[in-house]
Novice: 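My structure is below; once you've seen it, I'll send some questions.
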Amino acid sequence: MQRIQNSKMYFVFIHIFLLILLCTSMYAYSPWIRTKVKGILEPADKVYTIAHRGASGYAPENTIPAFELAIDMDTDYIELDIQLTKDRVPVVIHDETINRTTNGMGYVKNFTLEQLSKLDAGSWFNEQYPMFARDKYDGLRIPTLEEVFERFGKEVDYMIEIKDPALNPNIETILNEQIEKYNLSDHVSIHSFSEASLRRLHSINPEIPLYQIVWYNIPVYKIPESYINRVKTYAVGISPNFQRINPSYVAQVKNSGLKVFPYTVNYQVNMDKAVIWGVDGVHTNFPDRFNEVIKNNKK
């Protein structure tokens, strides 16, 4: 009888040991599980909602109404893009040309601010997205960066993308001057595809948080440590295209001490994935949707 009991205890012990070994191995070799466990034991203080070009799913991108709507939706950052006019004024527009989002044609850099101010930057949205069309969007103007800062001040934080630095020489200095003029250093972060541009800005004002935007054509599970170490010399985070990343990627970047702000996450299934993977925030055209996902994942 004693022998049977000892055999049962041995059997239970072996299975408990194997279960512990399995769980330990899964934790050691699965970044997704490590991220999930860490999220349970050490939940993120904050998952940030970054309104991509404002609430651009509902209003014309990079316009005052798009930013107003994003703030009404309780976004953490309004994301915007800047280009320089012919007379060296930073204006808020994504493309290097005015073709897509205005009724004009040509490169932003070839127009003065006065010329750009006469263009319609809203009607295109009503035509392409009739579900969200509003009369007030007809005739909207391209805002200057200064107009955005004057309108919103410290009401919200800003994520500003430096566009096409080769077409906008000295844009980093001009941008920093605007930030300091409105005393917004504590409310602004900068991101760009251009490492050179981010490094220039870092040398001008090392206090401003910088994010390196990256684009991947294929799924990426691991980044070279040499690249991560290079980014850490000037930036505090990486902003990758969401469709090509995964839990392993997020875990590696976060474990390195960098933040992860993927773009552009517009569907709920991807928003859920992003939160589960442990990202620090996402860029989205629909800030209200992502805020709802964050709320639901806290329940």
Side-chain angles (χ1 to χ4, degrees), residues 31 34-35 38-39 42 44-48 50 52 76-84 90 94 145 157-180 183-265 274 277-283:
R34 290 203 302 273
T35 300
K38 186 175 181 181
E42 303 175 29
D45 293 332
K46 176 75 174 179
V47 181
Y48 291 93
I50 305 169
H52 181 241
D76 296 298
Y77 289 85
I78 54 172
E79 192 267 352
L80 53 92
D81 312 273
I82 58 170
Q83 308 266 4
L84 294 181
H94 178 271
L145 179 62
D157 287 342
Y158 307 85
M159 181 73 74
I160 301 174
E161 181 175 353
I162 297 177
K163 303 296 296 185
D164 308 301
L167 297 176
N168 297 284
N170 205 36
I171 190 171
E172 300 84 9
T173 299
I174 295 171
L175 170 57
N176 187 62
E177 288 171 353
Q178 295 271 299
I179 293 169
E180 291 190 336
N183 193 26
L184 291 172
S185 292
D186 292 337
H187 293 270
V188 170
S189 296
I190 309 296
H191 63 163
S192 180
F193 282 99
S194 172
E195 177 180 335
S197 185
L198 291 176
R199 285 187 178 277
R200 281 193 292 271
L201 189 53
H202 185 64
S203 68
I204 295 168
N205 190 341
E207 300 303 315
I208 295 178
L210 307 179
Y211 293 85
Q212 179 66 60
I213 309 177
V214 292
W215 170 266
Y216 299 114
N217 291 317
I218 59 174
V220 178
Y221 295 88
K222 183 176 176 58
I223 315 173
E225 288 296 328
S226 59
Y227 180 72
I228 286 181
N229 290 333
R230 191 169 88 220
V231 170
K232 289 172 71 173
T233 63
Y234 62 91
V236 300
I238 295 178
S239 296
N241 48 320
F242 179 80
Q243 289 75 11
R244 300 302 187 193
I245 65 170
N246 43 65
S248 299
Y249 181 101
V250 174
Q252 181 192 8
V253 175
K254 292 197 68 171
N255 288 338
S256 77
L258 292 171
K259 294 182 182 298
V260 187
F261 284 147
Y263 65 93
T264 303
V265 187
W277 293 353
V279 302
D280 295 286
V282 305
H283 296 255

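All values below were derived from every heavy atom in this structure, side-chain atoms included, with hydrogens, water molecules and symmetry-related copies excluded.
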Novice: Judged by modelled atom types alone, do Thr173 and Asn170 share a side-chain donor-acceptor pair under 3.5 Å?
Specialist: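 Thr173 vs Asn170: donor-acceptor pair found between side chains.
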Novice: I'd like to check the side chain to side chain donor-acceptor pair (under 3.5 Å) partners of Lys259; sequence neighbours left out, ordered by chain and number.
Specialist: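 Lys259 satisfies side chain to side chain donor-acceptor pair (under 3.5 Å) with no other residue.
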Novice: Show me the pairs that pass salt bridge (Lys or Arg N to Asp or Glu O under 4.0 Å) and involve residues 207-218, at least two apart or across chains.
Specialist: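 Listed once each, the pairs would be none.
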Novice: With side-chain contact (heavy atoms from CB on, under 4.5 Å) as the criterion, how do Ile50 and Asp76 come out once you've worked through the C-alpha distance, each side chain's angles and the decisive distance to 0.1 Å?
Specialist: CA-CA 6 Å; Ile50 305 169; Asp76 296 298; 6.0 Å; no
Novice: Is there a donor-acceptor pair closer than 3.5 Å between any side-chain N or O of Asn241 and the backbone N or O of Gln243?
Specialist: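 Not at all, since once roles are kept as given, no pair shorter than 3.5 Å links the two residues.
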Novice: Decide if the gap between the ring center of Tyr158 and the ring center of Tyr77 is smaller than 6.0 angstrom.
Specialist: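 No, they do not, as the ring centres are separated by 6.0 Å or more.
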Novice: Does any donor atom in the side chain of Glu79 or His191 lie under 3.5 Å from an acceptor atom in the other side chain?
Specialist: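 Per modelled atom types, Glu79 and His191 side chains form a pair under 3.5 Å.
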Novice: Taking the side chain from Asp280 and the backbone from Val260, do they hold a donor-acceptor pair closer than 3.5 Å?
Specialist: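 Checking the backbone N and O of Val260 against the side chain of Asp280, a donor-acceptor pair under 3.5 Å is found.
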Novice: Run the side-chain contact (heavy atoms from CB on, under 4.5 Å) check on Asp157 and Asp186 step by step: do they pass?
Specialist: CA-CA 8 Å; Asp157 287 342; Asp186 292 337; over 6 Å; no
Novice: If you measure from CG on Asp81 to NZ on Lys163, what distance do you get to the nearest 0.5 Å?
Specialist: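 Output value for this atom pair is 5.0 Å.
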Novice: Would you find a donor on one side and an acceptor on the other, under 3.5 Å apart, between the side chain of Asn255 and the backbone of Ala251?
Specialist: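 Yes, because the side chain of Asn255 sits within donor-acceptor range (under 3.5 Å) of the backbone of Ala251.
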Novice: Could you tell me whether the side chains of Glu180 and Ser185 share a donor-acceptor contact shorter than 3.5 Å?
Specialist: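 Result is no, nothing qualifies.
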Novice: Please report the closest heavy-atom contact between Tyr227 and Val214, naming both atoms and the distance.
Specialist: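 Scanning both residues, the minimum pair turns out to be OH-CG1, 3.4 Å.
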Novice: List the steps and the verdict of side-chain contact (heavy atoms from CB on, under 4.5 Å) for Phe242 and His283.
Specialist: CA-CA 10 Å; Phe242 179 80; His283 296 255; over 6 Å; no
Novice: Counting N and O atoms only, with roles assigned by atom type, does the side chain of Gln212 sit under 3.5 Å from a partner on the main chain of Ala235, one being a donor and the other an acceptor?
Specialist: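 Here the side-chain-to-backbone pair does not exist.
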Novice: If we count only N and O atoms by modelled type, under 3.5 Å, do the side chains of Thr233 and Arg199 hold a donor and an acceptor together?
Specialist: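 Result is yes, a qualifying pair exists.
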Novice: Hey, is the main chain of Arg200 close enough, under 3.5 Å, to the side chain of Ser203 for a donor-acceptor pair?
Specialist: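 Yes; judged by distance alone, with no hydrogens or angles, the pair exists.
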Novice: Which side-chain N or O atoms in residues 216-223 pair as donor and acceptor under 3.5 Å with protein atoms at least two apart or in another chain?
Specialist:
residue: Tyr216; atom: OH; partner: Tyr249; partner atom: OH; Å: 2.9
residue: Asn217; atom: OD1; partner: Trp215; partner atom: NE1; Å: 2.7

Novice: Donor-acceptor pair, Ser192 side chain versus Glu161 backbone, under 3.5 Å?
Specialist: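 Judged by distance alone, no pair lies under 3.5 Å.
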